[in-house]
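Let me begin by presenting the structure, written as structure tokens, before commenting on it.
First the proteins, then the strands, lettered A, B, ... as listed; each starts at 1. Model, not experiment: these values are computed from the prediction.
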Protein chains: 4
Amino acid sequence: MSRPRSDQRRTGILDAATRVIASRGLGAAATAAIAKEAGVSNGSLFLYFESKSTLLNELYVQLKAEVGDAAMADMPDQGSTRDLVRHMWKRWLRWATSNPEKRRTLAQLEVTDEISLESHELVRDGQRLMSELIERSRAGGPMKDEPVSFVLLVVGAIADTTMDVMIRDPDGADARSDAAFEAMWRVLAG
Amino acid sequence: MSRPRSDQRRTGILDAATRVIASRGLGAAATAAIAKEAGVSNGSLFLYFESKSTLLNELYVQLKAEVGDAAMADMPDQGSTRDLVRHMWKRWLRWATSNPEKRRTLAQLEVTDEISLESHELVRDGQRLMSELIERSRAGGPMKDEPVSFVLLVVGAIADTTMDVMIRDPDGADARSDAAFEAMWRVLAG
Amino acid sequence: MSRPRSDQRRTGILDAATRVIASRGLGAAATAAIAKEAGVSNGSLFLYFESKSTLLNELYVQLKAEVGDAAMADMPDQGSTRDLVRHMWKRWLRWATSNPEKRRTLAQLEVTDEISLESHELVRDGQRLMSELIERSRAGGPMKDEPVSFVLLVVGAIADTTMDVMIRDPDGADARSDAAFEAMWRVLAG
Amino acid sequence: MSRPRSDQRRTGILDAATRVIASRGLGAAATAAIAKEAGVSNGSLFLYFESKSTLLNELYVQLKAEVGDAAMADMPDQGSTRDLVRHMWKRWLRWATSNPEKRRTLAQLEVTDEISLESHELVRDGQRLMSELIERSRAGGPMKDEPVSFVLLVVGAIADTTMDVMIRDPDGADARSDAAFEAMWRVLAG
DNA sequence: TATGAATGAGGTTTCATTCAT
DNA sequence: AATGAATGAAACCTCATTCAT
């Protein structure tokens, strides 16, 4: 019938947005700049995304899902809880250091009020696997009586901080990662 | 030209900016809105601050200093390191829960690329006292060989997360604060 | 290239345009909206009409012809001039009240500068029958020495106003119609 | 204190809008075009008018008031009703022929759905004087039992049509005006 | 010094029209 | 012939900053 709407193009726009936000900041991420970076006309962007706001929200949800998937990928089906958490930790940080732009972009989106409550909920739903692992790990730790959501936020904050530092100074990345894991593990398991 | 004298006005503008950013978000913080909130004319704002960017940078540095001062105020000159850190922790979180708008604003400014490298350095300098306390505390912990700056960032991230959750749900504030302190202390002192 | 054949589609698009303009106003009548309302693809519209302007012009001419035809239909071949004019008047207004959307759309098109001089001339040509009737009627009236085109415009203006009021308040329609006919007749025949 | 907001500028913008709409049509009356025509910056327009819509509404109300004022100006305090109506008619048409652009613009604004109900009501209120004169005149005529608002609309329609024809062909203006007055008078007084 | 009017670049979004399928 | 994705030129409006008063 006609040229089919292309998933590649959609993805291309999201990728372009990631790059623009990472390099120039959210404040300078004009739709025109994103479209240009994606090699797409100004109007096409609005064919694939209803508004700039939906674009940002979808990008946020997708990136969050990507981190979550990366962290839980290839999870062994046996081993001590500590080993499982360590696996998660490694994958998590590896994703960040391999995708510094996505990490930077995510950090910016995390605080905007452009991101709707609904998107935040979608993200929470997608983190069920991580939540469950955290839940199991904290049994004997200092946060055993706190809401899981809070524990997850704290662990996430430590991870994010570690990522940022690792990205900024790749030489010390391994040392940072290991030390932070030990620290984080104590937060959970005491 | 020369610095205008009314410090009251300067402060008024900074306070207004805090309120506007906290309530409406950084994206909607037009200079006109800030001026209006401050009860000052549009143009006056630029007599006190060279540009919007300067204003935001000064606000950031000032708020960061305020948190630091609050955290280290009334520090007893003796007591175990743990007690000192506990003191810091309590003051720190109390400041945040007493100043939710400032906390919210700070969270927004933290990620903008509007904040210059210089401002970030200024902030680091102002945190010397905290740094030293952290330095002393971590001696036997899992992060004993990491750069202090990194440790400080991790501790700060835990604190910020705790603050945000406490502000969002004041009922559980005390439980959150205590549990997070124990967790944080393990990060430091193992 | 050559005229596409499906007259049904052509008509469907014109009808859709009528509906869209009547309900949403000429300013909101995007070609995409018209195509959608017609159940036809975006691009097809331009197979049937060279441009939006052509579409509007054709719609205008067609609607005007329709009113004219309706007004002169079933005209008896004898009777006093007054009876003939009365017949015309009745049919004219009946068409309008039976086709409020077409009437509304026509009112909008009447003033746009989108309508070309040529279209206006086409319309005038199509109103020859009405013109002749008016011509005969005004013999003894106050406008007996004016250009027929002017008289026709005046009569049309009275009719349009009456229609609009009738459509807006159907209860008083008959009273309006009768009174306005008497008034109009005096304009013609004094 | 500062440069005062200038009524001249406000008026200048309204005048510019009138000119642009009259010459290029409402569809081509971009705010940028209006601003340029007014010799004012793009942004200034929005300092004087909240939105394009308010600008158009104010223009409409103002022009309508102007016509009404013009029509009722210098009304003698005695004389037959017919003389008074004739006075109104003359002034009314004179205004239109002296202000062809305003007349054209008004014709365009009259049908837009950009004009709010409130504006239409404002206009109606401003036409009380005319209404009263019409009311008195129609006592023995064919429309004596119709709503005044309807009669006013009909008279207005005749006037508008006459104006348009007069403007288009100034040579026959006087003949048109006189004939149309006689016709209109019969509508009222039979 | 203080005011707020003035500026114009830039932002998001719409839409008539073209073109690949 | 038919589709609907693609285009890019506007359109309206905001806002940091300057400038007349």
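Among the nucleotides F:dT14, E:dA6, F:dA5, the one closest to the side chain of D:Phe46 is F:dT14. Checking E:dG11, F:dT17, E:dT17 against the side-chain heavy atoms of A:Lys52 singles out E:dG11 as nearest. Closest to the side chain of A:Ser44, from the set F:dA5, E:dT17, F:dT7, is F:dT7.
Separating the CD1 atom of D:Ile34 from the P atom of F:dA11 is a distance of 11 Å, rounded to the nearest angstrom. Rounding to whole angstrom units, CD of residue A:Gln8 and P of E:dA20 are separated by 18 Å. For A:Leu45 and E:dG11, the CG to P distance is 14 Å, given to the nearest whole Å.
The side chain of D:Ser2 contributes no N or O atom lying less than 4.0 Å from OP1 or OP2 of E:dT3. In this model, the phosphate group of F:dC15 is not approached by any side-chain N or O of B:Thr31 to a distance below 4.0 Å at OP1 or OP2. At the phosphate of E:dA5, OP1 or OP2 sits under 4.0 Å from a side-chain N or O atom of D:Arg5.
Ion pairing between a basic and an acidic side chain is recognised when a charged N comes within 4.0 Å of a carboxylate O; C:Arg19 and C:Glu101 show no such pairing.
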As a check on the pairing definition, encode DNA chain F in dot-bracket form, counting Watson-Crick and G-U wobble pairs whose two distances are under 3.5 Å, and using | for partners outside this strand. .||||||||||||||||||||
Take C:Asp164 and C:Arg104, measure what salt bridge (Lys or Arg N to Asp or Glu O under 4.0 Å) needs, and give me the verdict at the end. CA-CA 8 Å; C:Asp164 290 342; C:Arg104 260 191 72 70; over 6 Å; no
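Here the closest non-hydrogen pair linking A:Ser119 and A:Tyr60 is CB-CD2, 4.4 Å.
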